[in-house]
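Here the structure is laid out as structure tokens; the discussion comes afterwards.
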Amino acid sequence: MKVIIAEKPSVGRELAKVFGANTRKDGYIEGKGYSFTWAFGHLLQLAPPQEYGYYGWRRTNLPMLPQKFKLSIRKVKTKDGFVEDPGVRKQLDIIQKLFDEASEIIVATDAGREGELIFRYIYSYLKCKKPFKRLWISSQTDEAIKDGFRNLKPGSEYDTLFSSAHCRSVSDWLVGMNATQALSLSAGGKDVLSLGRVQTPTLAMICARYLEIKNFVPKIYYQIAIQVDKDGQVFKAISADSFDTKEAGEEVFAKVRDVASGFAAGAQIVDVEAKPRKEPPPLLHDLSSLQQEANKKYGYTADQTLGLLQNLYESKLVTYPRTGSRYIGDDVFATVPQLISSLLEHPAFGKQAGNLQEAKLTKRSVNAKKVTDHHAVLITGVKPTHLSKDHQAVYDLVAGRMLEAFHQECIKEITKITVESEILFTANGTVIRSAGWRSVFNDTEDDKKDEDNTALPKVKKGEELPLADKALLEKQTKPKAMYNEASLLKALETCGKDIEDEELRDAMKDSGLGTPATRAAIIETLLTREYIIREKRNLVPTAKGLAVYEVVKDKQIAQAELTGQWEKRLEEIRSGASVQEFKAEILDYTRNITQELLVAGISLGQKPEQKANSNATDLVEPEINSK
DNA sequence: GCAAGGTC
């Protein structure tokens with residue numbers, strides 16, 4: 001009998017279905033000479049410090065550099081602390097039994113670094129020696145699955161991928177566990193002050209932005225606004241230049257030729273520019289963009305959106321939620337017309353679904369090369385019944401975005417009128433000529449400035465018009481906005497770099513902080529540690545968060561670039577480079593950061609303590625490759 | 001008591 005192990009039940013069931021296996025057992029499905037089983041994500045994790053003899057939180061334990069890492073069963077938090085997850089233990093027993101009976105194992109965990117690690121940790125923990133092959137597919141349509149099974153790879157082809165995955169895991173443990181204990185001890189040891197490759201740069205981004213805003217000195221400046229009258233239709237124009245002082249503004253202001261100053265036609269149209277602008281439909285949603293949208297529209301936290309989406313997924317209403325791709329492959333695209341028809345009776349989208357049925361679908365979101373472990377979030381076509389208000393709202397974000405993504409572009413006409421009256425003024429107007437995808441939610445602009453006019457009257461170059469009114473405006477420069485969940489999620493994708501272009505941002509996916517599956521949890525961790533709090537929709541650092549930031553802000557652990565550097569090295573390891581050098585650097589860094597933090601003496605009302613004695617001399621490097 | 005990663 002062959003055993004196939006998937007990363008999660010949904011995939012295991014899907015594979016079984018394609019094979020026509022349908023005998024449901026506890027924790028697996030049987031049929032046609034195969035058994036299909038699954039994990040629930042990572043079942044095993046690197047064992048905690050005490051399993052290597054590092055008891056308690058003590059300076060003399062640091063740095064903790066286990067010679068060989070152990071695995072332990074995933075824990076859950078209960079009222080009596082952390083205990084082994086009983087469900088995980090049970091599933092491991094089932095997998096063990098199947099592996100024992102197996103002639104061959106087929107690895108069908110997600111096609112990626114963590115998917116490989118999930119299987120290899122199970123294999124290693126169960127001390128299994130059976131041969132295994134690898135299924136490597138990036139879409140779960142029947143055809144892709146059949147094709148994948150015809151092209152199974154030798155398991156050993158992914159040994160270097162496992163090496164890079166284990167390196168990532170061990171490095172995070174070494175740096176995170178040691179830095180956390182070191183900083184906590186240096187602050188007196190009463191409080192957990194956690195640090196990590198992802199959470200600390202995230203905290204740093206929030207703190208840096210907060211301080212930038214706090215230290216921002218607004219600058220006052222002046223502009224002149226005029227109301228131009230074209231046959232009774234009045235439009236607003238703003239001076240192209242601004243003035244640093246009120247006096248300078250007033251001097252020019254006095255010369256602007258409005259009707260009240262005795263000018264019946266004091267403004268001349270210098271230039272009229274009208275050009276169409278095409279806005280392509282947005283890409284389909286990945287988890288992060290969906291969380292951002294839900295936060296903007298409904299104020300849901302990243303964690304809440306993920307929870308609601310997970311429920312919809314478990315009810316088979318939407319596809320896999322923790323995806324980082326905003327694209328689908330051609331095979332899934334072929335099912336889109338059916339999905340659109342499933343929305344014909346939807347109260348809000350029915351009409352648009354009908355229109356879209358007739359139209360040629362835009363294929364901007366169709367690109368098989370950009371589908372990694374999972375494709376973009378879609379509805380499944382199963383009709384929802386009795387959804388709660390919140391579930392319905394999230395479902396509609398998915399369904400509506402699907403209609404938008406395959407819709408036609410929106411065509412706008414952008415008009416810019418330049419008016420002269422002593423100085424130059426400009427008026428901007430935007431008119432939607434063809435709503436295209438924007439008709440789905442009937443959303444107005446998202447980038448509209450309040451000084452923009454919607455429509456401007458038809459005027460001609462050289463035309464002279466009266467000024468109905470003029471005003472001297474006092475304005476001030478504004479600081480950047482505080483981070484909220486939406487803007488933080490976006491910043492995490494690009495390590496804080498501001499990139500507006502959707503496709504360019506997408507290209508940077510691999511160099512972001514955290515993953516779609518973990519970002520909500522990162523924010524929650526910072527909240528649990530009381531490093532940040534929610535103030536309305538903003539994420540604001542606390543005194544504790546700022547104190548931690550002050551200690552680590554110039555250290556590597558607070559730099560988003562650290563992840564980028566690691567990723568580069570891990571990719572080299574995956575393509576065959578030796579792990580030794582990277583391993584040595586990580587150990588070196590662990591020793592350094594631990595030492596630095598122990599003497600830092602964070603000022604949370606505690607004074608710095610004595611320098612810790614070094615016990616790192618005779619430690620052997622941890623074994624990274626399990627072979 | 002602690003990381004980051006995955007999922008129910």
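On a predicted model such as this, the values are computed, not experimentally measured, just so you know. Below, all heavy atoms of this structure are taken into account, side chains as well, without hydrogens, waters or symmetry copies. Sequence lines set the chain letters: A, B, ... in the order given, protein chains first and strands last, and positions in each chain run from 1.
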What pairs with A/His374 under ring-ring contact (aromatic ring centres under 6.0 Å, His included), at least two apart in sequence or on another chain?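 Per chain and number, A/His374 pairs via ring-ring contact (aromatic ring centres under 6.0 Å, His included) with A/Tyr320.
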In whole Å, what is the span from the [atom1] atom of [X] to the [atom2] atom of [N]?
| X | N | atom1 | atom2 | value |
| --- | --- | --- | --- | --- |
| A/Gln45 | B/dT7 | CD | P | 15 Å |
| A/Glu51 | B/dC2 | CD | C1' | 14 Å |
| A/Leu117 | B/dG5 | CG | C1' | 8 Å |
| A/Leu71 | B/dG5 | CG | C1' | 13 Å |
| A/Ile586 | B/dA3 | CD1 | P | 17 Å |

Please table the atom pairs, donor to acceptor, closer than 3.5 Å between any side-chain atom in residues 548-558 of chain A and protein atoms at least two apart or in another chain.
unit_1, atom_1, unit_2, atom_2, d
A/Glu550, OE1, A/Lys553, NZ, 3.0
A/Lys555, NZ, A/Glu596, OE1, 2.8

With a non-hydrogen cut-off below 4.0 angstrom, is [X] in contact with a base, only sugar-phosphate, or nothing?
| X | value |
| --- | --- |
| A/Val192 | base |
| A/Leu46 | base |
| A/Ser194 | sugar-phosphate |

Nearest-neighbour nucleotide for the [X] side chain, [options] considered:
| X | options | answer |
| --- | --- | --- |
| A/Phe82 | B/dC2, B/dT7, B/dG5 | B/dC2 |
| A/Tyr320 | B/dT7, B/dA3, B/dG5 | B/dT7 |
| A/Arg197 | B/dC2, B/dG5, B/dT7 | B/dG5 |
| A/Thr180 | B/dT7, B/dC2, B/dA4 | B/dC2 |
| A/Gln310 | B/dA3, B/dG5, B/dC8 | B/dC8 |
| A/Glu314 | B/dC8, B/dA4, B/dG1 | B/dC8 |
| A/Trp57 | B/dT7, B/dA4, B/dC2 | B/dC2 |

With a 6.0 Å cut-off on the ring centroids, do A/Tyr158 and A/Phe162 count as close?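 No, they do not, as the ring centres are separated by 6.0 Å or more.
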Taking the six-membered ring for Trp, are A/Tyr52 and A/Phe69 ring centroids under 6.0 Å apart?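 Yes, close enough.
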If you pin A/Asp110 and A/Ser184 to their nearest nucleotides in DNA chain B, which one's is more 5'?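 The answer here is A/Ser184.
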Residue whose nearest DNA chain B nucleotide is more 5′ - A/Gln181 or A/Pro9: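 Result of the comparison: A/Gln181.
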Six-ring centre of A/Trp173, A/Arg168 cation under 6.0 angstrom, axis tolerance 45°: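 No - A/Arg168 does not lie over the ring of A/Trp173 by the 6.0 Å and 45° rule.
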